Amino acid sequence: MRGVRPQPGREPRVPPESGRNHWRTIRMLLPYLWAYPRRAVFAVVCLVCAKLAVVGVPVLLKHIVDHLSLPAGASPIVVPISLIVAYGALRLATSMFTELREFFFARVTQSAVRSLALKTFRHLHALSLRFHLERRTGAVTREIDHGIRGLSSLVSFTLYSIAPTLVEIGLVFGYLLTRYEPSFALIMGASLGLYIVYTLAITNWRTKFRQQVNELDAKASSRAVDSLLNFETVKYFNNEDFEARRYDATLAQQERVAIMAQQSLNLLNTGQQLIIAVGLTLMLWRAAAGVAAHRMSIGDLVLVNAFMLQMYVPLNFLGVIYREMRQALADVERMFRLLQEQQEVADRPDAVALVLPPGDVSPGVRFEHVNFGYDPRRQILFDVDLNIPAGTTCAVVGATGSGKSTLGRLLFRFYEAQSGRVLIDGQDVRCVTQHSLRAAIGIVPQDTVLFNDTIEYNIAYGRPGANHAEVVGAAKMAHIHEFIEALPDGYRTMVGERGLKLSGGEKQRVAIARTLLKNPPILVLDEATSALDSRTERVIQSELAEVAADRTTLVIAHRLSTIVGATQIIVMERGRIVERGTHEELLARQGLYARMWALQQREDERDRATAV
């Protein structure tokens, strides 16, 4: 392969053993490679022309040798010079067509890589929240990265190694079959066939040794790291020798398997050289016999020898290429499996955009006898019936696991209700497009996660394309503008990974500004101040109250003191609504809410006493 040709004996990653249907993967890949059909066809033509030139070089060499071995007086000067010029021209043509093939096919490969990567990225964003919660994000991104590299490797190995070798074998086989006795083609075909079968068989057999070496290497590394991280514990219990014995036991296993891997590689290389030597000897024996019987010339013997040596040069890398292609196919197949993941929540074919009331009027929200469970075996919500009139604030409180946050996820349509309906201004959220639905809802989450970019970028994320003045306006409304201006880099300050360079209160204000910039008619506040200290919580709470004014707001709260002014308060227990009313009504009822209120009041008094 151009630029990254593998070296004999170098071990690539070993593909996992499975019954994957590689041909199906290749069929799925072909449409992406056919995006530029003329370039693809031209690259194939260049490939064939390059191999015709490669095969033509030994043929010209034969004629040069034959002319130079003419009897005296046969004028051997003029013709060999023209043949030598032609010989050089063919060598040049080989390189030229090879470079043209790669020059024109580069766009095909990179276009396929870009199209597949973008399609996979879009598909991952279209999948449900359940998929992303059940899969490790790092593992998913690795599958995309490996799939992209696998696609490049697959195309490169196929177009630059496998296909040229097959074309060359076919041309040489055809030449020998038409120009010489059948025994030459038979010897070449048998030796090449035996070489390929032997290489693939031994490669498959020794794969298990490479797998074991990799596994034991990871195990040894893990034990070493674990032991060194617990250095003090090892010293406390005087277990240095014990740790060394455990580490050495793994190294001993790795040593035995590594020896088997190396010895199997030596067996592979020895067998390959034996097959090459036997095939070459048989070919030269037949050619020498032909020269002795005057059926062949010295040039024919040189030609046969050159063909055989030329054939075996690319096959020296067959074992490595075979393993690399298997790994590349496995990587591409894993990426295709991501593309085949079904959307748990998908727009209906007849879905329409959500219709919002005209002007600044906010729509009402209703949960109508909703039942839901993340797992069919464990139901979370039981017959939840809740109405949030337009422009009012509804607070939902309850113990952890009572189903509060699930209401917000159903409203965003991250999941589908098992029964019942979620309505916005009388429209079932299942009948509208997800894009229009989520455009109408803003959220200030409990755990604000920011992009590893500038503060301005994170605020502007609420409405991509917003100008700097609009970002500043949102920051002022969230009471964070003065803080940002006091920073050395102002709005260009980097917030760090997940916003770790900012405090909890600062991140919350950025989240509020982001939501204000989006300016949604419906607002969800999901325990937005639960992780803050009391002073910061009071400041943020007043800002949230300003944000929620005149909007239809669903507040999911932990601290009851933050929602005393809500239009209605819903108390949930084990997925059911057990109480509802205003703060005063619920206190007068002396039920669960009243007990929760009294408990939190005692905790606040104890905290104040401790602080004093």
Side-chain angles (χ1 to χ4, degrees), residues 1-7 10 12-16 20-54 93-125 140-170 313-340:
M1 184 176 66
R2 297 280 295 183
V4 289
R5 179 177 289 277
Q7 299 300 316
R10 183 182 70 83
R13 295 192 321 273
V14 179
R20 293 181 174 90
N21 189 346
H22 293 323
W23 287 111
R24 180 171 173 270
T25 302
I26 293 173
R27 287 197 302 271
M28 294 174 65
L29 188 59
L30 286 177
Y32 296 95
L33 297 176
W34 200 246
Y36 296 89
R38 286 184 293 183
R39 285 178 175 267
V41 170
F42 184 75
V44 172
V45 170
C46 287
L47 184 154
V48 174
C49 291
K51 286 306 168 183
L52 284 171
V54 168
T94 300
S95 298
M96 183 185 70
F97 283 119
T98 299
E99 297 302 329
L100 281 173
R101 176 195 65 191
E102 298 182 19
F103 180 86
F104 282 96
F105 204 76
R107 182 178 292 274
V108 178
T109 303
Q110 295 307 315
S111 173
V113 167
R114 176 185 174 186
S115 299
L116 260 177
L118 179 61
K119 185 175 181 179
T120 307
F121 182 78
R122 286 185 177 276
H123 184 70
L124 287 173
H125 274 294
V140 173
T141 55
R142 278 197 304 273
E143 287 184 4
I144 297 177
D145 291 340
H146 290 169
I148 292 171
R149 288 198 298 268
L151 173 58
S152 297
S153 299
L154 190 61
V155 172
S156 297
F157 279 122
T158 302
L159 189 68
Y160 304 151
S161 296
I162 300 298
T165 302
L166 293 177
V167 171
E168 187 174 350
I169 289 174
V313 169
L315 292 179
N316 282 334
F317 304 98
L318 179 62
V320 176
I321 292 173
Y322 173 65
R323 288 191 299 272
E324 289 280 8
M325 288 192 66
R326 286 182 62 198
Q327 180 64 58
L329 279 168
D331 290 340
V332 173
E333 185 172 347
R334 277 193 290 268
M335 187 166 68
F336 276 131
R337 280 209 301 270
L338 287 177
L339 285 171
Q340 291 166 359

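From a predicted model like this one, the values you see are computed outputs, not experimental measurements.
From Arg101, atom CZ reaches atom SG of Cys49 across 11.5 Å, with rounding to the nearest 0.5 Å. Rounding to the nearest 0.5 angstrom, the gap separating the CZ atom in Arg149 from the CE atom in Met335 is 11.5 Å. Rounding to the nearest 0.5 angstrom, the gap separating the CG atom in Leu151 from the CZ atom in Arg114 is 14.5 Å. Distance check, rounded to the nearest 0.5 Å: NZ of Lys119 to CZ of Phe336 gives 8.0 Å. Here the CG atom belonging to Leu329 is positioned 11.0 Å from the CZ atom belonging to Arg334, to the nearest 0.5 angstrom. Distance CZ/Arg337 to OG1/Thr120: 13.0 Å, rounded to 0.5 Å.
Here the closest heavy-atom approach between residue Val108 and residue Ala40 is recorded as CG2-N, 4.3 Å. Taking every heavy atom of both residues into account, Gly147 and Val332 meet most closely at O-CG2, 3.7 Å. Among all heavy-atom pairs drawn from Ile148 and Ala117, the shortest one is CD1-CB, 3.5 Å.
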Exercise for the section: Could you check Leu52 against Phe97 for side-chain contact (heavy atoms from CB on, under 4.5 Å), going step by step and ending with a plain yes or no? Expected result: CA-CA 10 Å; Leu52 284 171; Phe97 283 119; over 6 Å; no
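Considering Leu338, Leu339, Leu118 as possible partners of His123, the one that fulfils the side chain to side chain contact (heavy atoms under 4.5 Å, CB included) test is Leu339. Among Phe103, Phe104, Phe105, the single residue meeting the ring pair (Phe, Tyr, Trp, His ring centres under 6.0 Å) criterion with Phe42 is Phe104.
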